[in-house]
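So the structure is just underneath, and the comments pick up after that.
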Amino acid sequence: MILDQQQIKRNLIDKIDDATLSRLKSLYPTIDQCPTCGGAGSYVLDAQVYSCDCEFQKLLQKHYFAANIGRAYHSLCFDHFVTEEALTIKSEISEYLDDWKSNRYFGHGITFNGRIGTGKTFAMSLILKELVKQGYRVHFITFDDMVNAFSNAWNSEEAKYLNNKLRSVDILGIDELKTDSRNNSGFLSTVAESVIRHRAVNLLPTLITTNLTPQEEATTFTKAYSLLSALNKRIQT
């Protein structure tokens with residue numbers, strides 16, 4: 001679905017609560033500055049000068065930050081996807097977005113498997129950005145940050161709020177699912193299962209990127225892997 005600026009504005013306006021907006025302003029002091037022209041009112045692209053819709057650019061920037069999508073991905077689009085596997089991945093992403101209403105209804109997500117540098121995080125961010133524009137509740141988080149929120153939820157209101165948010169947003173992107181010594185006692189597996197089980201049983205789509213092979217993922221995160229096996233399409237990057 002291709003939305004024009006007016007449709008996106010209608011989807012996004014007044015959707016960020018005051019507390020979140022205040023937090024974003026403390027984290028990103030330039031959030032009220034146009035990311036495209038810096039307030040100049042125009043910008044140059046391919047030797048052509050264009051007028052800038054600063055209010056739209058600032059609105060979009062705020063919502064990307066509210067969804068925790070990194071600044072590096074804000075201005076990137078499908079045309080910047082130049083990996084060897086780009087055509088296949090772009091086709092898969094487009095198909096997922098075209099069928100989003102059905103995917104959302106049935107809780108279908110995507111798991112991106114592949115080695116480092118193949119565009120997994122970029123691909124996931126493209127999906128999340130498009131759903132931000134459509135007005136859905138979106139959140140991007142690294143697996144490490146998800147583990148930290150889970151660990152600190154008992155004594156931190158902010159971590160508790162985030163931990164609950166991960167379970168309730170319309171679509172969640174978990175970046176870099178991995179294992180390390182913290183999983184010697186099964187802790188990382190428990191965290192993954194806790195969030196993913198809640199989302200899976202409530203048919204809330206989850207996107208995942210991981211350097212693990214499907215076999216490693218199944219062995220390390222057995223229950224989470226089982227929960228998503230019928231819900232997530234697997235894309236090798």
Side-chain angles (χ1 to χ4, degrees), residues 20 23-24 26-28 63-74 76 83 109-129 131-132 137-200 202 204-229 231-232 234-237:
T20 298
R23 177 177 174 275
L24 291 175
S26 68
L27 288 172
Y28 310 105
H63 280 270
Y64 286 160
F65 277 136
N68 202 37
I69 297 171
R71 179 70 184 89
Y73 299 105
H74 287 195
L76 298 181
T83 65
I110 297 176
T111 298
F112 295 96
N113 289 94
R115 63 189 186 279
I116 295 173
T118 54
K120 299 184 298 297
T121 302
F122 181 22
M124 184 169 74
S125 296
L126 287 176
I127 294 173
L128 296 179
K129 284 171 58 181
L131 295 177
V132 164
R137 295 176 304 144
V138 171
H139 199 77
F140 173 106
I141 193 167
T142 65
F143 183 57
D144 274 340
D145 284 345
M146 190 172 91
V147 171
N148 290 337
F150 183 91
S151 301
N152 296 318
W154 68 277
N155 68 345
S156 166
E157 287 301 316
E158 183 174 354
K160 182 178 181 180
Y161 171 78
L162 177 56
N163 201 37
N164 289 333
K165 185 175 186 178
L166 301 181
R167 288 163 166 75
S168 63
V169 290
D170 295 317
I171 184 165
L172 174 66
I174 303 173
D175 192 37
E176 201 176 348
L177 183 71
K178 62 181 182 179
T179 188
D180 55 37
S181 60
R182 292 172 295 176
N183 204 41
N184 291 343
S185 62
F187 177 62
L188 298 184
S189 180
T190 297
V191 174
E193 182 199 351
S194 176
V195 174
I196 290 172
R197 179 175 295 280
H198 183 90
R199 296 188 60 80
N202 287 288
L204 293 170
T206 303
L207 307 179
I208 292 173
T209 73
T210 181
N211 298 332
L212 300 174
T213 66
Q215 294 74 22
E216 291 170 334
E217 189 184 337
T219 300
T220 307
F221 298 99
T222 305
K223 293 181 179 179
Y225 181 89
S226 177
L227 288 164
L228 292 177
S229 61
L231 294 174
N232 275 27
R234 191 168 296 277
I235 298 177
Q236 187 70 35
T237 64

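Sequential numbering from 1 along the given sequence is applied to the chain's residues. This structure is a prediction, so every number in the text was calculated from the model and none was measured.
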Under the criterion ring pair (Phe, Tyr, Trp, His ring centres under 6.0 Å), I'd like the reasoning laid out for Tyr64 against Tyr28: C-alpha separation, chi angles, the key distance, then a yes or no.
CA-CA 12 Å; Tyr64 286 160; Tyr28 310 105; over 10 Å; no
Under the salt bridge (Lys or Arg N to Asp or Glu O under 4.0 Å) definition, can you give me all pairs with a residue in [range], not counting sequence neighbours?
{"range": "residues 216-226", "answer": "Glu217-Arg234"}
{"range": "residues 166-175", "answer": "Arg104-Asp170, Arg137-Asp170"}
{"range": "residues 139-151", "answer": "Asp144-Lys178, Asp144-Arg182"}

Return the [atom1] to [atom2] distance between [X] and [Y], rounded to the nearest 0.5 Å.
{"X": "Leu172", "Y": "Leu207", "atom1": "CG", "atom2": "CG", "value": "8.0 Å"}
{"X": "Met146", "Y": "Ile196", "atom1": "CE", "atom2": "CD1", "value": "6.0 Å"}
{"X": "Asn183", "Y": "Thr190", "atom1": "CG", "atom2": "OG1", "value": "7.5 Å"}
{"X": "Asn148", "Y": "Phe143", "atom1": "CG", "atom2": "CZ", "value": "10.5 Å"}
{"X": "Thr118", "Y": "Phe112", "atom1": "OG1", "atom2": "CZ", "value": "10.0 Å"}
{"X": "Thr179", "Y": "Leu188", "atom1": "OG1", "atom2": "CG", "value": "5.5 Å"}

Taking the side chain as every heavy atom from C-beta outward, state whether [X] and [Y] have any pair of such atoms under 4.5 Å apart.
{"X": "His139", "Y": "Asn68", "value": "yes"}
{"X": "Phe140", "Y": "Val132", "value": "no"}
{"X": "Asn211", "Y": "Ile116", "value": "yes"}

Tell me which one of Thr111, Ile174, Leu166 satisfies side chain to side chain contact (heavy atoms under 4.5 Å, CB included) with Thr206.
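When Thr111, Ile174, Leu166 are each tested with Thr206, the side chain to side chain contact (heavy atoms under 4.5 Å, CB included) holds only for Ile174.
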